[in-house]
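Remember, it's 1-based here, ligands and their atoms both numbered in the order they're listed. The residues of the chain are indexed from 1 along the displayed sequence.
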Amino acid sequence: MICIQNKSDCYGCSACYSICPSRCIIMAKDDEGFLYPIVDQNTCINCKRCEMVCPSLNQFSPTTPLKVYAAKNKDIQIRRESSSGGIFTLLADHIIEKHNGVVFGAGIDSNNMIRHLSVEDKDKIHLLRGSKYAQSDMGDSYQEVKAYLNQGRYVLFTGTPCQVAGLKAFLQRSYKTLLCVDVVCHGSPSCDVLKYYLAGLEKEFGSRATGINFRDKKTGWKDYYFSISFENKKKYLCQKDKSAYMRGFIGNLYLRPSCYNCKVKNLKSGSDITLGDYWGVSSRFPEFDDDTGVSLVIVNTAKGYEYFNKLKDSMDIRESEITHAIKTNPYIARSAGLHRNRDLFFKRYRDESFDTLVDELLKKGNLEKLYLYIREAFLKILVFGWSIVKKLRNQMAK
Ligand SMILES: Cc1cc2nc3c(=O)[nH]c(=O)nc-3n(C[C@H](O)[C@H](O)[C@H](O)COP(=O)(O)OP(=O)(O)OC[C@H]3O[C@@H](n4cnc5c(N)ncnc54)[C@H](O)[C@@H]3O)c2cc1C
């Protein structure tokens with residue numbers, strides 16, 4: 001029976017809940033708002049299927065990418081509405097249009113909770129478009145995916161690496177008609193953190209939040225905004241570096257415990273394609289970056305390559321290498337570092353002003369500032385030293 005001793009060993013993917021034949025597992029929120037399995041020991045038949053499908057207990061080996069691209073959806077409007085280069089929408093359109101398939105991904109419900117949902121209609125793909133920076137609740141999506149696949153339907157399943165790894169483990173076999181796409185993942189806050197943050201703003205604006213855009217490209221892709229629309233038609237717009245929610249997220253203050261030691265990232269989820277932001281694009285293909293968004297597309301399997309090739313005409317692409325992608329986007333390969341004030345945040349966030357708390361907890365101590373200063377100076381000296389060595393080597397070669 002699944003038994004979580006250490007919270008950092010559970011991704012909350014719900015594979016165990018979904019496989020349980022006696023329905024004795026529920027996914028319940030802890031104090032931090034993250035979902036964990038709870039087993040009813042009276043009805044558990046000890047079949048151990050929950051352990052067999054846990055992506056934390058059963059890890060995939062890493063894939064070596066077949067191809068790596070910087071890519072842009074040619075439709076500039078879709079690109080503007082997407083977080084990166086709009087490649088997700090192309091894949092989703094294709095599965096629905098060409099295969100009469102079903103697309104699973106993360107959407108926002110009417111209570112501003114992030115949930116996985118399915119879409120079979122092209123006009124509804126916008127519900128899944130865009131990154132939502134909180135962990136989505138999988139609900140019964142894994143069972144629904146399986147049911148569609150068993151009917152012979154095509155399915156595109158998208159999510160974080162742990163959600164894809166959970167689905168693959170749950171299915172226990174491969175399906176020709178399943179395409180799995182994961183996103184490069186920094187880590188996920190809980191929906192409760194988002195809820196408390198929104199509650200503060202709702203009070204300030206005197207109205208209910210009805211729309212959240214975590215990646216508003218009002219002034220471009222790189223310097224994006226966090227925006228919220230309210231029922232009373234007012235709008236909150238805040239640069240990502242100034243928004244308390246985004247600063248706490250990027251500063252690793254309130255991610256799920258497993259995100260600090262993620263064993264399924266670094267191309268270990270079993271996905272066919274991995275999508276992210278190609279943040280380093282301007283150092284490699286400066287002419288390609290028009291600041292409307294460039295996706296990083298990592299093609300992991302032959303199936304992924306087949307789909308990518310079918311969609312090539314609808315994209316602008318540049319071929320790259322995984323080493324360059326990782327150099328400029330480290331969260332492809334490594335987990336976020338645990339913030340020293342994470343526990344303090346979760347002790348206090350329900351009772352205090354969100355912005356003031358985040359400001360206080362992200363403030364660096366004097367020792368930390370000194371360490372960062374010395375580290376930066378040391379790195380500069382290293383880079384300078386290396387450039388001199390290279391120059392001397394070149395001169396000697398001449
Ligand atoms: C929590 C999170 C952290 C991320 N961290 C990074 C990062 O550090 N570096 C990086 O390069 N990229 C990161 N991304 C991915 C990036 O933001 C884009 O989602 C990705 O590049 C796809 O962009 P797109 O333009 O092709 O499609 P978009 O339309 O922008 O993306 C939609 C896709 O994202 C999925 N999605 C959105 N929110 C969630 C969610 N909460 N949980 C699961 N899936 C979700 C949808 O299911 C859909 O497949 C992160 C995404 C999320 C959700």
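For ligand 1, the atoms sitting less than 4.0 Å from at least one non-hydrogen atom of Thr160 are 42 (N), 43 (C), numbered in the order shown with element in parentheses. Applying the 4.0 Å criterion to heavy atoms of Arg129 picks out, from ligand 1, the atoms 29 (O). For ligand 1, the atoms sitting less than 4.0 Å from at least one non-hydrogen atom of Thr158 are 46 (C), 47 (O), 48 (C), 49 (O), numbered in the order shown with element in parentheses. Using a 4.0 Å cut-off to heavy atoms of Gly105, the atoms of ligand 1 that qualify are 47 (O). Each of the following atoms of ligand 1 lies closer than 4.0 Å to a heavy atom of Ser295: 26 (O). Taking a cut-off of under 4.0 Å to the non-hydrogen atoms of Cys185, the atoms of ligand 1 that pass are 4 (C), 5 (N).
Of the charged side-chain nitrogens involved, at least one lies within less than 4.0 Å of a carboxylate oxygen, so that Glu321 and Arg284 count as a salt-bridged pair. Using a cut-off of 4.0 Å between Lys/Arg side-chain N and Asp/Glu carboxylate O, Lys217 and Asp291 are scored as not salt-bridged. The residues Lys74 and Asp313 are annotated as not salt-bridged, no charged nitrogen and carboxylate oxygen being separated by less than 4.0 angstrom. Look at Arg79 and Asp316 and you find no salt bridge, because none of the NZ, NE, NH1 or NH2 atoms lies under 4.0 Å from a carboxylate O.
If you look at Gln163 next to ligand 1, the close heavy atoms, those under 4.0 Å, all belong to the side chain. In Ser83, the parts holding a heavy atom less than 4.0 Å from any atom of ligand 1 are both the side chain and the backbone. Only the side chain of Val183 comes within 4.0 Å of ligand 1, judged by heavy-atom distances.
A donor atom on one side chain and an acceptor atom on the other are not found under 3.5 Å apart for Asp272 and Tyr305. Of the N and O atoms on the side chains of Ser335 and Asn261, not one donor lies less than 3.5 Å from an acceptor on the other residue. Donor-acceptor pairing under 3.5 Å is lacking for the side chains of Tyr11 and Thr160. In summary, the side chains of Lys312 and Asn309 do present a donor paired with an acceptor at a separation below 3.5 Å, with no hydrogens or angles considered. A side-chain donor-acceptor contact under 3.5 Å links Asn150 and Tyr175. With 3.5 Å as the limit, one finds no donor-acceptor pair spanning the side chains of Asp182 and Gln163. In this model, a donor atom of one side chain and an acceptor atom of the other lie less than 3.5 Å apart for Thr292 and Asp290.
Given atom 50 (C) of ligand 1, the protein heavy atom at minimum distance is Val184 O, 3.1 Å. Of all protein heavy atoms, the one closest to atom 18 (C) of ligand 1 is Ser131 OG, 3.3 Å. When only non-hydrogen protein atoms are considered, atom 1 (C) of ligand 1 lies nearest to Gly187 O, 3.6 Å. Closest to atom 39 (C) of ligand 1, if we only count protein heavy atoms, is Ala106 CB, 3.4 Å. For atom 28 (P) of ligand 1, the nearest protein heavy atom (residue, atom name, distance) is Gly130 N, 3.4 Å. Among protein heavy atoms, atom 8 (O) of ligand 1 sits closest to His186 CB, 3.3 Å. Scanning the protein heavy atoms around atom 46 (C) of ligand 1, the nearest turns out to be Leu128 O, 3.6 Å. Atom 44 (N) of ligand 1 has its closest protein heavy atom at Gly159 CA, 3.6 Å.
Between Lys132 and ligand 1, an N or O atom pair is found at a separation short of 3.5 Å. At least one N/O-N/O distance between Asp277 and ligand 1 falls below 3.5 Å. Backbone and side-chain nitrogen or oxygen atoms of Ser84 are examined, and one is located within less than 3.5 angstrom of a nitrogen or oxygen of ligand 1. Backbone and side-chain nitrogen or oxygen atoms of Ile87 are examined, and one is located within less than 3.5 angstrom of a nitrogen or oxygen of ligand 1. Of the N or O atoms in Phe88, one or more lie within a sub-3.5 Å distance of an N or O in ligand 1.
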Notebook entry, point to check: What do the steps show when you test Lys263 against Asp9 for salt bridge (Lys or Arg N to Asp or Glu O under 4.0 Å), and what is the final call?
Noted result: CA-CA 9 Å; Lys263 295 171 211 142; Asp9 288 338; 3.4 Å; yes

- Task: Evaluate the ring pair (Phe, Tyr, Trp, His ring centres under 6.0 Å) criterion for residues Phe226 and Phe214: first the C-alpha distance (whole Å), next the side-chain angles of each, then the deciding distance (0.1 Å), finally the verdict.
- Result: CA-CA 5 Å; Phe226 180 50; Phe214 293 82; 5.4 Å; yes

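Not a single heavy atom of Gly293 sits closer than 4.0 Å to an atom of ligand 1. Within the structure, ligand 1 has Asn329 among the residues with a heavy atom less than 4.0 angstrom away. Between Arg215 and ligand 1 there is a heavy-atom distance shorter than 4.0 Å.
Here the straight-line distance linking atom CD1 of Ile78 with atom CD1 of Ile76 works out to 11.5 Å at 0.5 Å rounding.
Take Lys67 and apply the salt bridge (Lys or Arg N to Asp or Glu O under 4.0 Å) test, not counting sequence neighbours, and it matches Glu319.
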